[in-house]
There are 2 protein chains.
Amino acid sequence: MKNMPREGSGRPRTTLDLLWGTGDGGTRGPRPTLSPEKIVQAAVEVADADGLGALSMQKVADRLGFTTMSLYRHVPGKEPLIELMIDRAVGTPPELSAHPDWRTMVEAWIEALWNRYQQHPWMLHVQAGPPLGPNQLSWLESLLTALADTGLTDDERFVISLYLNGATLGIARLVSDAEQVTADRGVPAEQLSTDYSEAMGRLIDSDRFPVLTSLVRSGALNAPASATGRAAPDYEFGLRRLMDGVEAYVAERT
Amino acid sequence: MKNMPREGSGRPRTTLDLLWGTGDGGTRGPRPTLSPEKIVQAAVEVADADGLGALSMQKVADRLGFTTMSLYRHVPGKEPLIELMIDRAVGTPPELSAHPDWRTMVEAWIEALWNRYQQHPWMLHVQAGPPLGPNQLSWLESLLTALADTGLTDDERFVISLYLNGATLGIARLVSDAEQVTADRGVPAEQLSTDYSEAMGRLIDSDRFPVLTSLVRSGALNAPASATGRAAPDYEFGLRRLMDGVEAYVAERT
DNA sequence: CACTACCGTGTATCCCGTACACACAAACGT
DNA sequence: ACGTTTGTGTGTACGGGATACACGGTAGTG
């Protein structure tokens, strides 16, 4: 029985083990030069620099000075690697205890998450699955803690957390996509909304799209994004409405 | 000058032309058997069935009974094709005029969009860019119309539309990802949240994650998703808070 | 010291997107 | 009527990417 496939090809068992650092098996053979951590770090750097579409095992290995196949000794494949990247890129949640009330805590939480998304825009395009990594769970824990003294039930706090998380994700994606795509087409950032409303003006039939037409003509599309160079205020306005609603609900419950 | 590359290889000029059906140039040569519409339809079917990752020009061509390369006569590439797919998959917005007030209109709008996302989950994972297709613009027009008699300014209505759109997108993605990923791992839908909270229970240290631990122990994670077999109520609750906030803002303005 | 478990590598396979050149077909200009 | 022009579907070919598999070497274990 010499040529049987060497079963259980080394260390990297499950993605969960990688995420939590468990399952570090026996210390036999040559000391590894590579490690999952280094690989994940390099992968995140590649994705940050060139986007998720440009992420390949080759590029990651090159950046580390190793062969493509060497990565597979430490990470079971590309998809698991991406899961690890997410947990690393999202990092640790902010410290919220200094804030006076739950509302400012939640706002700070969302702003921090928003910033993370800005730093690693590729996170907005991965199929995420339920959070299971230590960092992702820390974010959830953090948000739930912020809602602790609202007097809401466990269910309600959980659902609200889910919604806040999702809303932040969605807005960040919308904004980031708009910037990215138009940037890829070689449009300078200042002209973004100008060009957009101009393109729309050309396409739109004022019979079929009366409201949009008047909106374009009034120039409302130009103002918000170019005012600060960022669409950030957009999400803050919407967020504030959401918080008002939550606050009213909390007040009603007590 | 015989062997110059036959410049301007046929009809499919820009993605915009495809989206709006403009630019259908001279009717020379053999009548085309294929058309952009058929291609887009087939592509949507493939993505619906096997997900975005399994979408390839091969599969689309096979489904139509043509060669891979034949597609490129009608569609400039894969990415433009996906943009067309989005506009087709999102379809036309719902009829809202029957609803009594703006709030129920907006709720109906969101529910309709939510349903579209359920029908075509791959839409949640594409880089979208600003909406330029006729159907996408119709959705925007529809939502803006619903907000018409709120007395808000153009800016405000636009920003709120953006936020509602983004929030719906984000929640739908969170929920769909969770379902999808766990389904890929062979977990039957009923066990989803059970397995999830069980996995979390194994991973979590009650010192580092006190709130989560108590949440898992109380079983709050099991209830919401399994109650209806869908996580739909989650988003409705959060949505209601958001609408309350908007309503308060509207009232304050008048 | 032989054995075993594991490291990093090289090679090979399969799939994907798409450039390019062909053979043929239908309308146009003369 | 007939060459010219423009477009159609196809076959072939290339570069790149994920990953299975077998190899030679290495460091603890018995």
Side-chain angles (χ1 to χ4, degrees), chain A residues 1-13 15 17 23-36 38-39 42-43 46-47 50-83 85, chain B residues 1-13 17 23-39 42-43 46-47 50-83 85:
Chain A
M1 280 259 185
K2 256 209 226 138
N3 271 353
M4 278 211 48
R6 213 108 55 74
E7 81 149 271
S9 63
R11 302 254 292 304
R13 303 205 90 74
T15 306
D17 281 344
D24 282 23
T27 157
R28 211 82 113 153
R31 249 102 76 232
T33 326
L34 262 178
S35 70
K38 287 184 193 167
I39 295 175
V46 170
D50 304 332
L52 196 65
L55 178 72
S56 75
M57 296 290 162
Q58 296 248 28
K59 286 233 182 90
V60 177
D62 283 355
R63 167 173 286 256
L64 291 165
F66 287 85
T67 349
T68 309
M69 287 312 292
S70 66
L71 306 184
Y72 288 87
R73 286 279 170 211
H74 307 267
V75 155
K78 190 185 190 180
E79 243 174 65
L81 172 59
I82 293 182
E83 276 190 70
M85 290 169 62
Chain B
M1 281 257 189
K2 257 213 220 130
N3 272 351
M4 277 212 48
R6 211 109 55 74
E7 79 150 272
S9 62
R11 302 253 293 303
R13 303 205 89 74
D17 281 345
D24 282 23
T27 157
R28 211 86 108 138
R31 250 98 84 233
T33 326
L34 261 178
S35 69
E37 290 74 25
K38 287 185 194 167
I39 295 175
V46 170
D50 303 333
L52 196 64
L55 178 72
S56 75
M57 297 289 165
Q58 295 248 28
K59 285 235 182 89
V60 177
D62 284 354
R63 168 173 285 256
L64 291 165
F66 286 85
T67 347
T68 308
M69 287 313 292
S70 66
L71 307 185
Y72 287 87
R73 285 280 169 210
H74 307 266
V75 154
K78 191 186 189 180
E79 243 174 65
L81 172 58
I82 293 182
E83 275 190 71
M85 290 169 63

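These numbers were taken from a predicted model, which means no experiment stands behind them. Each chain gets a letter, A, B and so on, in the order its sequence line appears, and its residues count up from 1. Because only heavy atoms are used, hydrogens play no part in the values below, and waters and symmetry mates are left out as well, while side chains stay in.
- Rounded to whole Å, the distance from CD on B:Glu79 to C1' on C:dC16 is 14 Å.
- For B:Pro30 and A:Gly65, each mapped to the nucleotide of DNA chain C holding its nearest heavy atom, the one lying further toward the 5' end belongs to A:Gly65.
- Using a 4.0 Å heavy-atom criterion, one finds that B:Leu81 contacts no nucleic acid atom at all.
- Looking at heavy-atom distances under 4.0 Å, B:Thr68 makes contact with a base.
- Remark: P of C:dG10 and OH of A:Tyr72 are 16 Å apart, rounded to the nearest angstrom.
- Between the C1' atom of C:dA19 and the CG atom of B:Leu71 lies a distance of 15 Å, rounded to the nearest Å.
- Rounding to whole angstrom units, CZ of residue B:Phe66 and P of D:dG11 are separated by 12 Å.
- The shortest distance between side-chain heavy atoms of B:Pro32 and B:His74 falls below 4.5 Å.
- Separation of atoms OG1 (A:Thr67) and CD (A:Gln58) is listed at 10.5 Å; rounding is to 0.5 Å.
- Among the nucleotides C:dG8, D:dA18, D:dC21, the one closest to any side-chain atom of A:Met69 is D:dC21.
- Within the nucleic acid shown, A:Met57 comes within 4.0 Å of sugar-phosphate atoms alone, with no base atom in reach, counting heavy atoms only.
- Using a 4.5 Å cut-off on side-chain heavy atoms (C-beta onward), A:Arg63 and A:Val46 make contact.
- Comparing atom distances between the B:Ser56 side chain and each of D:dT10, C:dG8, C:dC16 picks out C:dC16 as nearest.
- Atom P of nucleotide C:dC7 and atom CG of A:Leu64 are separated by 16 Å, given to the nearest angstrom.
- Ranking D:dT8, C:dT9, C:dT18 by closeness to the B:Pro32 side chain, first place goes to D:dT8.
- The CD atom of B:Gln58 sits 18 Å away from the P atom of D:dG17 (whole-angstrom rounding).
- Taking for each of B:Gly77 and B:Arg28 the nucleotide of DNA chain C with the nearest heavy atom, the 5'-most of the two is the partner of B:Gly77.
- Proximity of A:His74 to the phosphate of C:dC7: no side-chain N or O atom is located under 4.0 Å from OP1 or OP2.
- Across all their heavy atoms, B:Lys38 and B:Leu64 have their closest contact at O-CD2, 4.0 Å.
- At the heavy-atom level, B:Ser70 lies under 4.0 Å from base atoms of the strands shown.
- Counting only heavy atoms from C-beta on, B:Arg73 has its side chain closest to D:dT8 among D:dT8, C:dC16, D:dA27.
- Following rounding to the nearest Å, A:Ile39 (CD1) and D:dT19 (P) show an atom-to-atom distance of 13 Å.
- Across A:Pro80 and A:Thr15, no two heavy atoms sit closer than the pair CB-OG1, 3.6 Å.
- In this structure, the nucleotide among C:dG17, D:dA27, C:dT9 sitting nearest to the side chain of A:Arg31 is D:dA27.
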